Structures are given as structure tokens and as C-alpha cells.
Amino acid sequence: MPEQWTVCPAEAMKADGLRVAELDTSGTPGFTGGKKAGVALLAERSKVLSDLQEKLYANGRSGDRRSVLLVLQGMDTAGKGGIVRHVIGSVDPQGVDHAAFGVPTQEEQRHHYLWRIREALPRAGQLGVFDRSHYEDVLVVRVHNLVPPTVWEPRYDEINAFERELVDEGITLVKVAMFVSLDEQKRRLAERLERADKFWKFNPADIDERAYWPAYQEAYQAMLDRTSTEYAPWHVVPADRKWFSRLAVTELLIAALERLELDWPLPTFDVEQQKRRLAQA
Ligand code: AMP
Ligand code: MG
């Protein structure tokens with residue numbers, strides 16, 4: 001772990017006991033450097049992430065069933081898309097299974113809410129990334145009463161059981177909740193209305209959602225309190241500073257991949273013999 005981290009990122013950003021309403025969204029927990037150091041470190045650490053991902057992929061090709069799944073949650077403008085572009089974008093796209101979850105389609109609505117999630121799980125050796133996830137079914141669904149409490153309430157336990165199953169199948173879950181302040185969200189939405197290259201990200205409904213901020217904070221709090229488990233813990237990433245959230249997620253992924261203790265797969269052939277054959281070919 002680089003020395004600018006005084007506390008390891010997983011520890012510094014663990015959700016246990018955290019109060020969402022009191023979070024400093026402009027903070028850089030565990031990291032002592034500023035933006036310049038953070039950006040420089042991110043470039044360096046992206047290479048480490050990329051090497052580890054390649055090892056995961058190589059092992060997947062050699063029969064290892066394991067995979068890693070980054071689950072991203074956060075309000076609009078929190079920077080989930082930026083994580084996908086800048087963090088996941090630094091690794092080999094062949095090894096990435098990406099899925100984004102929006103309002104369920106008609107087909108999805110006919111199924112259990114976990115159906116579309118199961119369909120999108122990373123294959124062996126892949127780095128999966130979920131831009132939103134099954135957690136929408138206890139967030140937006142809860143906030144807007146899309147189903148009654150008797151339906152969403154049991155979902156916390158159901159999600160815990162589901163994730164237990166995933167972990168047992170060899171999927172390492174890296175759950176990241178990104179938080180911006182209400183003011184920072186306003187700045188970012190304003191930017192989407194100022195720049196031609198950002199209009200496509202703007203959704204008029206995002207402005208309406210701002211009125212539900214306290215209800216979302218409550219729903220996020222319940223999510224963290226009830227679904228941060230020892231086998232699939234939540235990490236809370238302050239996201240007002242994009243350089244920090246990107247660095248933080250990079251480090252969380254590196255730590256998860258390092259825990260897999262991956263080595264390069266051994267050859268299934270005699271290397272010396274193949275060298276001799278090649279010399280004569
Ligand atoms: P975006 O991520 O900006 O493309 O927006 C996707 C939208 O889909 C967000 O407003 C989510 O709240 C919404 N969404 C995602 N999952 C669900 C769900 N299960 N039920 C209702 N809305 C959802
Ligand atoms: Mg959006």
C-alpha cells in the first residue's frame with residue numbers, strides 16, 4: 001500500500017457505524033495527499049490494478065472459477081460512470097463484464113428483482129462492474145413506494161442470502177456507495193446544462209429527485225446498516241472530489257484482487273520442448 005495512505009482504504013472507508021447524514025463528502029479518509037499526489041498515484045495504481053486483472057483473466061482461462069464484482073451505488077452525479085470510464089477503463093476490456101441497471105424493462109418486470117442481476121453476474125475470471133444494482137430495489141423502490149413496505153422490507157435479508165451464495169460460488173464482492181453533497185450535486189447538474197458534451201447525461205427527473213434527498217439518505221443508511229456483512233461489506237466513498245473517489249475505488253479493487261493471491265497459471269505444456277520445436281519450425 002502506498003505511503004500516502006495512513007489507514008488502509010478498506011478500513012478507512014468501511015461502512016460500520018457510519019452515519020450517512022454526517023458524512024463529510026469532500027473528505028479523503030485515510031489519504032494524506034492532495035489532488036496532485038492523488039492523481040499521480042492513481043496513474044501508478046491503475047497499472048497495478050491492470051496487472052492483477054490480467055492475472056484474474058488468465059486464471060479464468062485456465063479453469064479458475066473465481067471472479068470479482070464491483071457494485072456501484074450512488075445518487076445521480078455521484079460519479080459512477082466516471083469510475084467505469086476511468087478505473088475500469090484502465091484494464092483490458094476483454095476481462096470486464098459491465099452491466100448498468102435502470103428502470104426495469106417490461107421483461108424484467110415479469111421476473112423476480114434478482115433475475116436480471118443473476119443474468120449479469122461476472123463469468124469466471126472476469127472483473128464485473130454493476131452501475132447500480134439489486135440495491136435499487138431497496139433504494140428508489142423504497143423512497144418512491146413503488147412496492148409496499150411488506151414487499152421491500154424482506155429484501156434486505158434476501159439480498160444478504162443472495163450475496164452469501166455468490167461469495168460461496170467464488171465471486172468476491174466489492175460494494176461501493178458513493179456520496180456527494182446536495183450542493184455538489186447541484187453544481188454537477190448545472191454543468192450538465194451548460195455543456196453540449198454533458199446534455200446527454202441530464203435527466204429532468206434528476207431535479208425532482210433532489211426533493212427526496214432526506215428519504216434517500218435514510219434508505220442508504222438502512223442499506224448500509226442491514227446489508228454490510230463480513231463476507232460482503234459496504235465501503236463508503238466520499239465523492240465530491242472525483243480524483244479521490246477514483247483512487248479509492250482503484251485501491252479497494254487492488255486489495256480485493258490481492259486477497260485472491262493470484263499467480264500466473266502454469267503452462268500445460270513443456271516449455272523447453274516447445275522452444276525446441278519453435279526453433280525448428
Ligand atoms: P441512470 O443510472 O442515470 O441511467 O438512471 C437509471 C435510473 O433507473 C435511476 O433513476 C434509477 O433509480 C432507476 N432504477 C434503477 N433500478 C430501478 C428499479 N429496480 N426500480 C425503479 N427504478 C430503478
Ligand atoms: Mg442519471
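Atoms within each ligand, like the ligands themselves, are counted from 1 in listed order. Here the structure is a predicted model, which means the values were calculated and not measured.
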Quiz item: Less than 3.5 Å between some nitrogen or oxygen of Arg116 and one of ligand 1, yes or no?
Solution: yes
Quiz item: Nearest to the Mg ion (ligand 2), which N, O or S atom of Asp76 do we find?
Solution: OD1
Exercise. Could you verify whether a donor N or O on one side chain and an acceptor N or O on the other, from Glu136 and Tyr113, lie under 3.5 Å apart?
Key: no
Practice problem: Evaluate whether atom CD of Glu3 has more than 12 neighbouring non-hydrogen atoms of other residues, nucleotides or ligands under 6.0 angstrom away. | Solution: no
Practice problem: Looking only at distances, please establish whether an N/O atom of ligand 1 is found under 3.5 Å from an N/O atom of Val141. | Solution: no
Practice problem: Looking only at distances, please establish whether an N/O atom of ligand 1 is found under 3.5 Å from an N/O atom of Val140. | Solution: no
Quiz item: Does any N/O atom on Tyr216 come nearer than 3.5 Å to any N/O atom on ligand 1?
Solution: no
Self-check item: N/O separation below 3.5 Å, Asp137 to ligand 1
Solution: yes
Quiz prompt | Note: Arg164-Asp168 ion pair, threshold 4.0 Å (strictly below) | solution = yes
Exercise. Assign the ring pair Phe244 / Phe31 to parallel, tilted or perpendicular, where the plane angle (0 to 90°) is split at 30° and 60°.
Key: tilted
Quiz item: Is it the side chain, the backbone, both or neither of Pro104 that has a heavy atom closer than 4.0 Å to ligand 1?
Solution: side chain
Exercise. Classify the ring geometry between His111 and Trp115 as parallel (under 30°), tilted (30 to 60°) or perpendicular (over 60°).
Key: parallel
Quiz item: What residue and atom, counting heavy atoms only, is the protein's closest point to atom 3 (O) of ligand 1, and at what distance?
Solution: Asp76 OD1, 3.3 Å
Self-check item: Of Trp234, Phe162, Tyr156, the residue whose pairing with Tyr135 passes ring pair (Phe, Tyr, Trp, His ring centres under 6.0 Å)
Solution: Trp234
Quiz item: So between Glu136, Lys201, Arg132, whose heavy atom ends up nearest atom 6 (C) of ligand 1?
Solution: Arg132
Self-check item: Given Leu70, Leu69, Val68, Val174, the one that forms side chain to side chain contact (heavy atoms under 4.5 Å, CB included) with Val129
Solution: Leu70
Quiz item: What is the closest protein heavy atom to atom 8 (O) of ligand 1, and at what distance does it sit?
Solution: Val103 N, 3.1 Å
